[in-house]
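Each chain gets a letter, A, B and so on, in the order its sequence line appears, and its residues count up from 1.
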Amino acid sequence: MIRFFLNRLISGVVLVFVVATLTFMLMSLSGGNPARNILGEGATEEQVAAKAAELGLNLPIFERYWNWLTSALTGDFGSSWFTNEPVMSSLANKFPVTLSIVIVAILVTALIATVLGVTAAVRRGWIDRFVQVFAVIGFALPNFWVALVLVTIFAVTLRLLPATGFTPFDTDPSKWALGLVLPVAALVTGTIASTAQQVRGATIDILERDFVRTLRSRGISKQSLLFKHVLRNAASPALTVLSLQFVGLLGGAVIIEKVFALPGIGSLAVNATTQGDLPQILGLVVVMVVLVVIVNLLIDLATGWLNPKARVA
Amino acid sequence: MSDPAVQTPTIPGSPRGGLFSRVIGDKMALTSIIVFVLVLLSALLAPLLTSWDPSRADLDDVLAPAFGEHILGADGSGRDVLARLLYGGRMSLLGAFIALAVALLVGIPTGLIAGYYQKWFDSISSWSANLIMSMPGLIIVLAVISIIGPRMLSVMAVFGILLSPGVFRLTRNGVQSVRKELYIDAAKVSGVGDISIIARHVLGVVKAPLVIQAAMMAGIAIVLQAGLEFLGVGDSSTTSWGQMLNEAFLNIYVAPLMLIWPGVMIGITVGALAIFGTALRDAVQGTQSLPRARKTGSQEVLPAAIEVVDGALRDRDRRGTLLSVEGLRVGYPRADGDTSIVVDGVDLHINRGEVHGVVGESGSGKSQTAFSIMGLLPTGGRVLSGKIEFDGTEFDAGSAKFLTSIRGNRIGYIPQEPMSNLDPTFTLGSQLVEPMRRHLSLSRAAAKTRALELLDRVGIADPRRTFDAYPHEVSGGMAQRVLIAGAVSCDPELLIADEPTTALDVTVQAEVLDLLRSLQQERSMGVMLVTHNFGVVADLCDRVTVMQNGRVVEHGTVGDIFDAPQHPYTQMLLDSTLEGTPPRAPLATEDAR
């Protein structure tokens, strides 16, 4: 188990390193004159040269990369080229917003999708058909469009829920929760649809295994069969789906935040992208990938705990 | 990092019929294709369908209502919504097409090479695929946009690379599953080159899953592109559904209905792709065969069951009957609405303490009979009629209530394949303890003590270690002993053993048969021994029922059946079993003395 975990940890670290390096190299080599972009058309050649020197843009690319990498390892991702705000502090301000949406969304997804998927697999009938139709609808409708429709109905027309804005949890938990209802609802339609479908498939697959028949032949209770044996076996594939959903939700949240004017990393990412703000983008990419790696490791641990066979792999 | 195997559609075994004909034959798939083609045509033929220029803004027409001069109204800049919808489809579909093309062009060749030649290329490409799959896609795409600018088609090409691992895995796994097949070896031996083997045999297998995957990826690409444009990182000078949503969002308080049209177009297009993928997957997987069966109504005339019973057993003592099955019929629904009958009017009588063999070739309905007695038919299977009497209680063969009260408690079951019949996520011990706690109301400690005794009884050398082991940590023979221990743990009166030794090594087979015999004698259980092996029958059984095509063709004592089989099928089975071995003729040996 430890070896398995270390293996995953090492490939995670390699992933972060590869993505960061690729982003840095491609962005630095893509040409253009960042110093000129920052100062605008009105700046003199001297000013531009001075700015380039200040940002270290006149150094050879490998030296610049080395400098970035060594300070990044200490947690210092430099400052935004355009706002001069340290990358780490802007991320620290914005990430909690995005994370609260994504974490609430993934928990809601896990709960509802499990209930729907298992019920569909066991009961079949109308709920089974519903899950299958829902899977297509959830796949077909972009979550930001669902968000737009929800805003139009519940916030603009009915004025039941706030259309925009975010209240930090420690300021007012109930307002925090109310503000999350629409963004989370928009995000989870798609993830619930596809996860429920996967849970349904995994549960049906387990229900048809030989050992389920043998367990039934031993006369154990229906509850024990379903909640102890079937769910535990179906959990590993479901967890894998959830880890993929998490990656998707991070991206989905970036888009959703625009609809609800939430002060998460969405606007930061869009601005940094359109301006070509190298330190900001690198910081974002690294933090995102690290987050994904951590979530995958947690899922691996959970899978290993649930499924003894995975511990050997 | 994570294993996304669950995402990929499964590779079908041997697809029957062409992919094309299967798609056309499926109503859902056909409808979704027609819808998609209509969307495609509406984009291609946009100039014929509307006279408006999608990018001509007219200040007089700002937010003009629908059904006037503009059929669907005009947007916030006074541009015709219908024209923008039609022309916008071009950009959205082209972007998806590019992403798809790149994903396939990268994924298929690498997958083919990795799966066919394996070795170092496989390791490197699989590792890279895992790497790409765990990247946060949208953030990577945003970083790409910051590098190359808002050139949406190039961005979609890069997104195609992010999608390619799905194609790669599917192709690689498909190739790996066929390259071990004999016909590939045959092709190699007959001098067919690698490339034509790949083209002819391998691509054929991965074709259907790839089409399914491609439909899903095209949908994902359309949604992603729209998302990027909605975010405002797209090229605002082009017309596309995402751009329309972006602009509609600016007017959300003034003209919320403007959001509907592009959303509906995306929904219809992606929905058609998703339905197509799902319908195709169902069509491909629907070729899985049900248990081999005869069609209803095929009234081939079979001779009535022949009873060969000596006098002592003919007058069956009703009090001695443990299990009696009468007129059992079992059917599976078929795709055409008909029912396949797999067990057709079977009678079976097992006395207390008797070992009763049920013999027949695979597909004769013997296992299905055993499952019906326990009420454990596989999904779809149904008892159509029949009575079962267990220890004096008579009930409908289909009723679940009585069965649940006696399963595990009074009827024990030993399956054929030991490994697949143990829950891989629980220790062997806990799987033994659970039924005993329920049926015998034992405490956890008492049940554990009893489980350890049972493990010792079935010949396991180190019961404690086995108790704490998981199924994958023990051998098949040990697993079967554990399953036998589980079957007898609550002292059942009837033991149903379904080919209990077929999956085991020959040496282990003999040991397990000895164990079964001694347990049966010690507890004087009635045993229903399902087998195709007359050797096992001769070894253990008192009486035999021979089944063919879901019917009983002959039953009687072992001695009678072996000495004087009446039914031609029994004779054939016996001949094929005993061929090449010295004839078993106990009477002859007696004579020789």
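Interface remark: A:V146 contributes no atoms to any contact with chain B (heavy atom separation under 4.5 Å). Using a 4.5 Å cut-off between heavy atoms, B:P424 contacts chain A through both its backbone and its side chain. Of the atoms belonging to B:M216, heavy atoms from both backbone and side chain fall under 4.5 Å from chain A. In this structure, chain B has no heavy atom under 4.5 Å from any part of A:V133. Using a 4.5 Å cut-off between heavy atoms, A:I281 touches chain B through its side chain atoms alone. Residue contact with chain B, scored on non-hydrogen atoms closer than 4.5 Å, is absent for A:Q280. Of the atoms belonging to A:K222, not a single heavy atom falls under 4.5 Å from chain B. Within the 4.5 angstrom heavy-atom criterion, only backbone atoms of B:L422 (N, CA, C, O) approach chain A. Neither the backbone nor the side chain of B:A248 comes within less than 4.5 Å of any heavy atom of chain A. Heavy atoms closer than 4.5 Å to chain B are found in the side chain of A:L215, but not in its backbone. For A:F144, the part lying under 4.5 angstrom from a heavy atom of chain B is the side chain only. Looking at B:I220, the atoms closer than 4.5 Å to chain A (heavy atoms on both sides) sit in the backbone and in the side chain alike. Contact of A:V19 with chain B is made through the side chain alone, with heavy-atom distances under 4.5 Å.
Contact check for B:F371 versus B:D498: side-chain heavy atoms found under the 4.5 Å cut-off. Residues A:M288 and B:I139 meet the side-chain proximity criterion, which asks for heavy atoms closer than 4.5 Å.
The candidate from B:G271, B:P471, B:G263, B:G219 with the greatest count of non-hydrogen atom pairs under 4.5 Å with chain A is B:G263. Among the candidates B:L138, B:V270, B:T425, the residue making the largest number of heavy-atom pairs closer than 4.5 Å to chain A is B:T425. For chain A, the option among B:A274, B:P435, B:P492 with the highest count of heavy-atom pairs below 4.5 Å is B:P435. Of the listed residues (B:L259, B:I411, B:V223, B:I132), the one with the most heavy-atom contacts under 4.5 Å to chain A is B:L259. Contact count against chain A (heavy-atom pairs under 4.5 Å) is highest for B:S420 among B:S420, B:C490, B:G267.
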